[in-house]
There are 2 protein chains.
Amino acid sequence: MHSFTEENYIKAIYKLLESGDETISTNAIAEKMRTKAASVTDMLKKLAAKKLINYQKYQGVSLTGKGEKIALNIIRKHRLWEMFLVEKFNFKWDEVHDVAEQLEHIQSDKLIEELDKFLNYPKTDPHGDPIPDAKGKLLVRKSKSLSQFRVNDVCIMTGVVDHSPAFLQYLDKTGFQLGNEIKIKDSVEFDKSLQIIVSKKNTFFISYDVAKNILVILK
Amino acid sequence: MHSFTEENYIKAIYKLLESGDETISTNAIAEKMRTKAASVTDMLKKLAAKKLINYQKYQGVSLTGKGEKIALNIIRKHRLWEMFLVEKFNFKWDEVHDVAEQLEHIQSDKLIEELDKFLNYPKTDPHGDPIPDAKGKLLVRKSKSLSQFRVNDVCIMTGVVDHSPAFLQYLDKTGFQLGNEIKIKDSVEFDKSLQIIVSKKNTFFISYDVAKNILVILK
DNA sequence: ATAAATTTTTAGACTAATCTAAATTTTATT
DNA sequence: AATAAAATTTAGATTAGTCTAAAAATTTAT
Ligand SMILES: [Mn+2]
Ligand SMILES: [Mn+2]
Ligand SMILES: [Mn+2]
Ligand SMILES: [Mn+2]
């Protein structure tokens, strides 16, 4: 069908397009794929020939319907496997990504159907990211960054922006979990750091940088 | 570490060596890998450079200790995944092989440890094949082909030689399962076909070809 | 022991994915 | 509008894995 490499490019393009732009640049893809712009151009030609992307020289890239469907299917598999690893195999949320990067390329419709059933059709992955359904439908989240709220707002933690093990481990150590209630007690104007109360018990100071990377909804 | 292709060659070499020969030929590997002898020679040079095989031009191939360890680990993963698919994901024993061929290349020690634990440390896979342990230790089976037994012998079915979906589906349809008792009621000298009684209930006639592909131990 | 047949290796070419360096196009600045 | 800077594409190589055709080595048959 498509090579692992093609799948990874498609996924990278999808994720870059999530930021809202109509098209994305060759350089942006190169950076995300940790490769060189010249390599990206070669691949763009190939993906365009397969009608997975819209591409005209120098004019940026977007996904065709076909390309988007493939991207969503890979993301579906990635997130289902992450959920599986955490729920059934005792992985921590900071340990699942690299294995899921491999598992997302396994080809078997029955496998994914059974995986979904086995997990009882989860709506989100261990990081709070929504899981596309079998048809490629993806719920749009209305979560916002904690940094956008104000003193006395009470929120529920629903996800993270940064998925790095370092950040996830910091959250673990500090005691943040998805579903926790977070009340903003104070805000420092100088550096935009926050004083917050988690689950009505623990008071913390967090930097603006941390607040930006925590996704919440208003309670 | 090693590419999928290298892993598949190593596994193919291991399986060919199981037939008992000290070394195996380039052509045998080419046939098993469905590739050409010239391609095999190239790969043999690479594997020899990595000290995974013993290889001298024109003299045949065997695995080094290092190579054998890698082969056993891939086989371990393959068989654990097959067991997982049958036990947890409602796959039939004729449906698991192709997916396991993909899953066997996933790299994660923790994943395999947890998989083994999740299955409660199975000793054999859905086809009755033994699963190497984490150290690469493999139980040698003393099963023999049903065709080697005589009238009035009572056996227990422990495995199959042919793993093709066609043969496995034939066994399903006829009602053969691992663990079944098989008593040989009659033997036709002309074509070596057998009349057998399965689980003390059902009487069948099976060809020599089928009998050869059923593994049993004497009860 | 020679010749014939078979097996294996080498030589040279192809594809996918990558790279560096050079050329081209687009965008930003004077 | 012309020039400078940045982004993108092209040209030409490289590596892994494969292939066909030809050469070399080994095995089998006479
Ligand atoms: Mn992930
Ligand atoms: Mn995730
Ligand atoms: Mn198998
Ligand atoms: Mn098996």
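Below, chain A is the first sequence line, B the second, and so on; all start at residue 1. Worth knowing before you read on, the calculation uses all heavy atoms, side chains too, and leaves out hydrogens, waters and symmetry mates.
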Regarding the side chain of B/Asp42, the nearest nucleotide among D/dC19, D/dT9, C/dT18 is D/dC19

B/Glu6 CD to D/dT18 P, in whole Å, measures 10 Å

Quick one: which of D/dT10, C/dT10, C/dT18 gets closest to the side chain of A/Ala38? D/dT10

Using OP1 and OP2 only, check whether a side-chain N or O of B/Tyr55 sits under 4.0 Å from C/dT8. no

So with a 6.0 Å cut-off around CD of B/Gln107, is the heavy-atom count from everything else above 12? yes

Within the 3.5 Å criterion, strictly below it, is a donor on B/Asp191 or B/Ser193 matched to an acceptor on the partner's side chain? yes

Please check the phosphate of D/dA6 (OP1 and OP2 only) for any side-chain N or O of A/Asn27 closer than 4.0 Å. no

Rounded to whole Å, please give me the gap between CE in A/Met43 and P in D/dT9. 14 Å

For A/Glu22, does the CD atom have more than 12 heavy-atom neighbours from other residues, nucleotides or ligands under 6.0 Å away? no

May I ask you to say what B/Thr26 touches in the nucleic acid, namely base, sugar-phosphate or nothing, with a heavy-atom cut-off under 4.0 Å? sugar-phosphate

Tell me which nucleotide among C/dT10, C/dT9, D/dT9 gets nearest to the side chain of B/Lys45. C/dT10

N/O (side chain, A/Thr35) to phosphate O (OP1/OP2, C/dC19) under 4.0 Å: yes

Whole-Å distance, A/Gln56 CD to D/dT9 P, equals 11 Å

When the aromatic ring centroids of A/Phe84 and B/Phe84 are compared, is their separation below 6.0 Å? yes

So, is A/Ser39 near the phosphate of C/dT18, with a side-chain N or O under 4.0 Å from OP1 or OP2? no

I need the A/Leu16 CG to A/Leu63 CG distance, nearest 0.5 Å. 10.0 Å

Whole angstroms only, please: what is the CZ-P distance between B/Phe4 and D/dT18? 14 Å

Check the distance between C/dT7's P and B/Ile29's CD1 and give it to me in whole angstrom. 14 Å

Nearest listed nucleotide, side chain of B/Lys36, among C/dT18, C/dT10, D/dT20: D/dT20

Test of ring centre spacing under 6.0 Å for B/His97 and B/His127: no

Using distance alone, with no hydrogens and no angle criterion, decide if A/Asp172 and A/Trp93 have a side-chain donor and acceptor under 3.5 Å apart. yes

Using 0.5 Å steps for rounding, measure from the CG atom of B/Asp94 to the NE2 atom of B/His163. 12.0 Å

Nearest-Å distance, OH (B/Tyr9) to C1' (D/dA16)? 11 Å

Atom-to-atom span, CD of B/Glu31 to C1' of C/dT7 - whole angstrom: 14 Å

Touch class at under 4.0 angstrom, heavy-atom based, for A/Thr5 against every strand present: sugar-phosphate

Under 3.5 Å between N/O atoms: give me all the protein pairs with nucleotides 25-29 of chain C, atom names plus distance.
from   : atom 1 : to      : atom 2 : distance (Å)
C/dT25 : O4'    : A/Tyr58 : OH     : 3.4

If you only use heavy atoms from C-beta on, which nucleotide in D/dT9, C/dT18, C/dT8 is closest to the side chain of A/Ala37? D/dT9

